[in-house]
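Below, chains carry the letters A, B, ... as their sequence lines are ordered, and counting in each starts from 1. From a predicted model like this one, the values you see are computed outputs, not experimental measurements. Heavy atoms only: backbone and side chains are in, while hydrogens, waters and symmetry mates are out.
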Protein chains: 2
Amino acid sequence: MSNAAGQPDTMRERILDVALELFIQNGYDGTSLREVAERLGVTKAALYYHFASKDDILMALHLRLHELGKDALRRLTDGHVTLAKWGALLDSLLDEMRSHREIILLHERNQAAFEKLHRKDHDAEHEDIQDRFRQILADASLPLRDRVKMACSLGAVMGGLLMFGDAFGQAQESQVDDLVRSAVKDLLRR
Amino acid sequence: MSNAAGQPDTMRERILDVALELFIQNGYDGTSLREVAERLGVTKAALYYHFASKDDILMALHLRLHELGKDALRRLTDGHVTLAKWGALLDSLLDEMRSHREIILLHERNQAAFEKLHRKDHDAEHEDIQDRFRQILADASLPLRDRVKMACSLGAVMGGLLMFGDAFGQAQESQVDDLVRSAVKDLLRR
DNA sequence: GTCTATATTTCGATAGAC
DNA sequence: GTCTATCGAAATATAGAC
């Protein structure tokens with residue numbers, strides 16, 4: 001994906017990185033392939049050598065999230081979910097969520113585009129981490145009290161790290177992480 | 001806006017209600033005026049009698065949120081913010097957030113479209129509640145600990161009521177409200 | 001207030017040269 | 001792998017009749 005310096009080494013990855021940035025800033029539908037190409041110093045047609053379609057670019061970005069959440073997904077699939085398990089998962093997931101902040105922001109801000117993408121892919125077995133979250137929260141065999149706490153704690157992490165996370169500056173990221181962890185712990189306690 | 005039965009009485013409001021629903025479901029850019037018109041049983045051109053442009057429709061929907069948050073905004077503008085004040089505000093705002101769930105969802109899912117709208121309106125004094133939230137959370141004179149707690153608590157409310165709130169069914173909304181309140185209280189305590 | 005018809009623009013995507 | 005050139009579709013918006 002990227003080399004040690006964090007720079008993408010293939011054109012395919014460079015396209016994805018630029019697209020990610022623009023899709024977050026201006027939205028998927030609000031970003032034209034012309035803009036993506038211009039920022040890379042190439043023409044629109046060049047992109048079609050690396051990707052079959054605009055949707056194909058979005059799908060490649062979606063796979064980055066899929067990769068990220070696949071072991072978390074596994075931990076949430078066997079056995080039934082408890083508050084303690086949920087708390088442990090959130091705690092261990094927090095670092096990954098920060099380092100992949102952009103890819104999560106992309107999904108949060110382009111839900112409509114991803115849903116349209118899913119409708120076309122009626123083949124792919126998209127056992128998504130997002131779907132799994134919704135599935136657990138909708139599971140009526142769990143106490144409502146626990147489900148609400150899980151939804152709130154997930155929202156708290158997203159609020160502290162992603163949605164408003166850029167208000168805290170970059171220098172003290174690890175402090176923010178600790179504060180979010182403690183906030184979630186307080187929320188889930190009892 | 002609407003009569004006692006909750007039905008919009010003017011064509012203008014009917015347009016806004018349909019647009020709101022489609023903009024949430026398919027996104028602002030993903031929704032064409034043809035779709036809006038078709039669902040209303042009129043043609044695209046008819047919409048232009050009531051609104052000057054598609055952006056004008058989005059702006060009218062934005063004003064609904066502006067109206068909603070204007071007294072909350074006032075309470076957040078005088079004096080400096082404390083954790084206690086923040087908690088009280090969230091508590092009193094929670095009912096409004098639930099009853100205006102859709103208009104908040106619209107803003108959450110179409111940030112890019114609203115930002116583009118704001119760029120054109122360099123005249124309007126949009127002292128927005130969203131802006132105010134970000135402003136407070138970025139205020140370095142407040143303890144980082146408090147700011148993170150504020151961001152997390154706001155995220156918790158959005159998680160419990162909006163983002164994943166439809167997983168709990170509609171019957172027990174007041175129970176969910178109470179559970180979210182108590183979760184936020186636990187989070188802000190200490 | 002709503003209609004038909006159309007102007008205008010922009011976008012995704014393709015063809016073929018290099 | 002990237003270019004120029006272009007196609008076809010769909011979108012916003014307008015003009016003018018009713």
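- By the salt bridge (Lys or Arg N to Asp or Glu O under 4.0 Å) test, A:E102 pairs with no residue at all, sequence neighbours left out.
- With sequence neighbours excluded, the residues that form a side chain to side chain donor-acceptor pair (under 3.5 Å) with A:H107 are A:H62.
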Reading 5' to 3' through nucleotides 2-18 of chain D, protein heavy-atom contacts under 4.0 Å coded B for base, S for sugar-phosphate only, - for none: BBB------SBBB----
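- The nearest whole Å value for the distance from the CG atom in A:L40 to the C1' atom in D:dG1 is 14 Å.
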Residues 151-171 of chain A side chain polar contacts: donor-acceptor under 3.5 Å, at least two apart:
{"residue": "A:S153", "atom": "OG", "partner": "A:W86", "partner atom": "NE1", "Å": "2.9"}
{"residue": "A:S153", "atom": "OG", "partner": "A:K149", "partner atom": "O", "Å": "3.0"}
{"residue": "A:S153", "atom": "OG", "partner": "A:M150", "partner atom": "O", "Å": "2.8"}

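- Between the CG atom of A:L22 and the C1' atom of C:dG12 there is a distance of 17 Å, given to the nearest Å.
- When the side chain to side chain donor-acceptor pair (under 3.5 Å) test is applied to A:E21, the partners found at least two apart in sequence or on another chain are A:R39.
- Every side chain to side chain donor-acceptor pair (under 3.5 Å) that A:D95 has, sequence neighbours left out, goes to A:R181.
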